[in-house]
*Asks:* 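Mind looking over this structure? Questions follow.
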There are 2 protein chains.
Amino acid sequence: MNDNDLKRAGLSATQPRRLILDLLQQNPEAHLSAEEVYRRLLEQGETVGIATVYRVLGQFEKSNLINRHQFDGTTSVYELNQGKHHDHIICNECGRVVEFIDEEIEQRQRNIAEQQGFHIDSHLLYIFGHCTNPNCRYKP
Amino acid sequence: MNDNDLKRAGLSATQPRRLILDLLQQNPEAHLSAEEVYRRLLEQGETVGIATVYRVLGQFEKSNLINRHQFDGTTSVYELNQGKHHDHIICNECGRVVEFIDEEIEQRQRNIAEQQGFHIDSHLLYIFGHCTNPNCRYKP
DNA sequence: TCAATATTGATAATAAATCCCAAGTATTTT
DNA sequence: AAAATACTTGGGATTTATTATCAATATTGA
């Protein structure tokens, strides 16, 4: 049960919050939009208002239970925060998302920011391309 | 006159396109939203419909005359494409944007993509932080 | 358990961007 | 250069993702 995760985040354990966190914990690799979360709950026979889905995802993001990304310019997707920061490679054709982290890139960023007189709050690195996955719709 | 730039991009030389390209060429360092472009043209006494501004910016982006960015998740901004790729550091407080490029980071990205079986189309790196600019609203 | 407080969910509102289409402008043809 | 054709514009309606409102409901601490 994930009530403890909610408590730790300073959130009371309500049904919608339980369901949404559960769904994300069950799919730790997934990057789901609010609509997708809504639909999946419906499929499970659980009804949570779409407004609540947005609200709860926002709360989870604020308490660092999950991370928000915007791979395309229009829709936010959310994934479970598993502690380890990482960046993303996204296939423009099949949508596959691969996570990676590169300490050298992280270090260079810190250097650059310092050089420019900035203190880093966060960063965001997406690499877009075509993957060679056999399931990929893209045929080279 | 920038009619030639338009021709080269395969776009006929209409008044709105001239005005918008002019504005961006006059401010090569600026990152303007569609609304801002619209407002600045109004200030110049030129009226271009907002729908046209969006349309033309889209066309310019497609023909690589300009680049589109989304520093916050909600609004796109555009800047003149001056050929040289670069990344951005954005101050969360005062909105200042500094451009940089780091060959080491570029190289690491290529390595990582190859390792993961991707062919890179593009990438996007934003560093968000606080700047130490005296004009910055952020007081450390 | 019960009252105080927080949360939910249906719906309305918002904001950015796109679509539609009649009227206007640019380009090509003659 | 005028006529014919093709493309572009602009105003408003529309879409899409998300947020705000608020009465009804659920949660929690005493």
Side-chain angles (χ1 to χ4, degrees), chain A residues 1-23 31-42 44-63 65-79, chain B residues 1-23 31-42 44-63 65-78 95:
Chain A
M1 189 47 56
N2 49 25
D3 285 16
N4 291 332
D5 297 315
L6 291 171
K7 287 279 153 63
R8 229 171 291 126
L11 298 168
S12 58
T14 66
Q15 197 57 4
R17 295 211 266 238
R18 264 192 283 260
L19 289 168
I20 293 172
L21 186 52
D22 236 55
L23 176 60
H31 298 80
L32 302 177
S33 69
E35 282 292 339
E36 281 165 346
V37 168
Y38 176 75
R39 286 208 329 268
R40 293 216 191 181
L41 291 179
L42 274 190
Q44 295 180 194
E46 306 285 358
T47 309
V48 176
I50 187 69
T52 300
V53 172
Y54 275 105
R55 219 173 359 218
V56 167
L57 288 172
Q59 294 162 345
F60 284 3
E61 193 207 358
K62 198 166 295 179
S63 19
L65 285 169
I66 63 178
N67 294 119
R68 176 206 293 242
H69 301 286
Q70 265 195 325
F71 298 138
D72 70 348
T74 61
T75 312
S76 291
V77 295
Y78 302 83
E79 67 172 335
Chain B
M1 189 45 58
N2 50 26
D3 286 15
N4 291 332
D5 296 317
L6 292 171
K7 286 280 154 63
R8 227 172 293 124
L11 297 168
S12 58
T14 67
Q15 196 58 4
R17 296 210 267 237
R18 264 192 284 258
L19 289 167
I20 293 171
L21 185 51
D22 236 56
L23 176 60
H31 297 79
L32 302 176
S33 68
E35 282 293 339
E36 281 164 346
V37 168
Y38 176 75
R39 286 209 327 271
R40 292 215 191 181
L41 292 178
L42 274 189
Q44 294 179 195
E46 307 285 356
T47 309
V48 177
I50 186 69
T52 300
V53 172
Y54 274 105
R55 219 173 0 217
V56 168
L57 289 172
Q59 294 162 345
F60 285 3
E61 194 207 357
K62 198 166 295 180
S63 18
L65 286 168
I66 63 179
N67 293 120
R68 175 206 293 243
H69 301 286
Q70 266 196 324
F71 298 138
D72 70 348
T74 61
T75 311
S76 291
V77 295
Y78 302 82

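Computed over heavy atoms, backbone and side chain alike; hydrogens, waters and symmetry mates excluded. Note on naming: letters A, B, ... go to the chains in the order of the sequence lines (proteins, then strands), and numbering restarts at 1 for each one. Keep in mind that what you see is a predicted model, and the values were worked out from it rather than measured.
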*Asks:* Rounded to the nearest Å, what distance is computed from the CG atom of residue B:Asp3 to the P atom of nucleotide C:dA26?
*Replies:*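 After rounding, the reported distance stands at 11 Å.
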*Asks:* Identify the two heavy atoms, one from A:Arg68 and one from A:Ser76, that lie closest to each other, and give their separation to 0.1 Å.
*Replies:*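 Heavy atoms only, the tightest pair is NH1-OG, 3.2 Å.
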*Asks:* For a quick check, with a 4.0 angstrom heavy-atom cut-off, what is the B/S/- contact string for nucleotides 4-17 of chain C, read 5' to 3'?
*Replies:* ---SBBBB----SB
*Asks:* Within a strict 4.5 Å, meaning less than it, do heavy atoms of the B:Tyr38 and B:Ile20 side chains meet?
*Replies:*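 Contact flag for B:Tyr38/B:Ile20 side chains = no.
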*Asks:* Can you find a heavy atom in the side chain of B:Thr47 that is under 4.5 Å from one in the side chain of B:Leu41?
*Replies:*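 Counting from C-beta outward, B:Thr47 and B:Leu41 never come under 4.5 Å.
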*Asks:* Atom CD of A:Glu36 and atom C1' of D:dT18: how far apart are they, to the nearest Å?
*Replies:*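 Roughly 16 Å, once rounded to whole Å.
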*Asks:* Hey, are the side chains of A:Leu23 and A:Gln44 touching, using non-hydrogen atoms and a 4.5 Å cut-off?
*Replies:*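 Touching, per the 4.5 Å side-chain cut-off.
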*Asks:* Could you give the distance from CG (B:Asp3) to CZ (B:Arg17), rounded to the nearest 0.5 Å?
*Replies:*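 That separation rounds to 11.0 Å.
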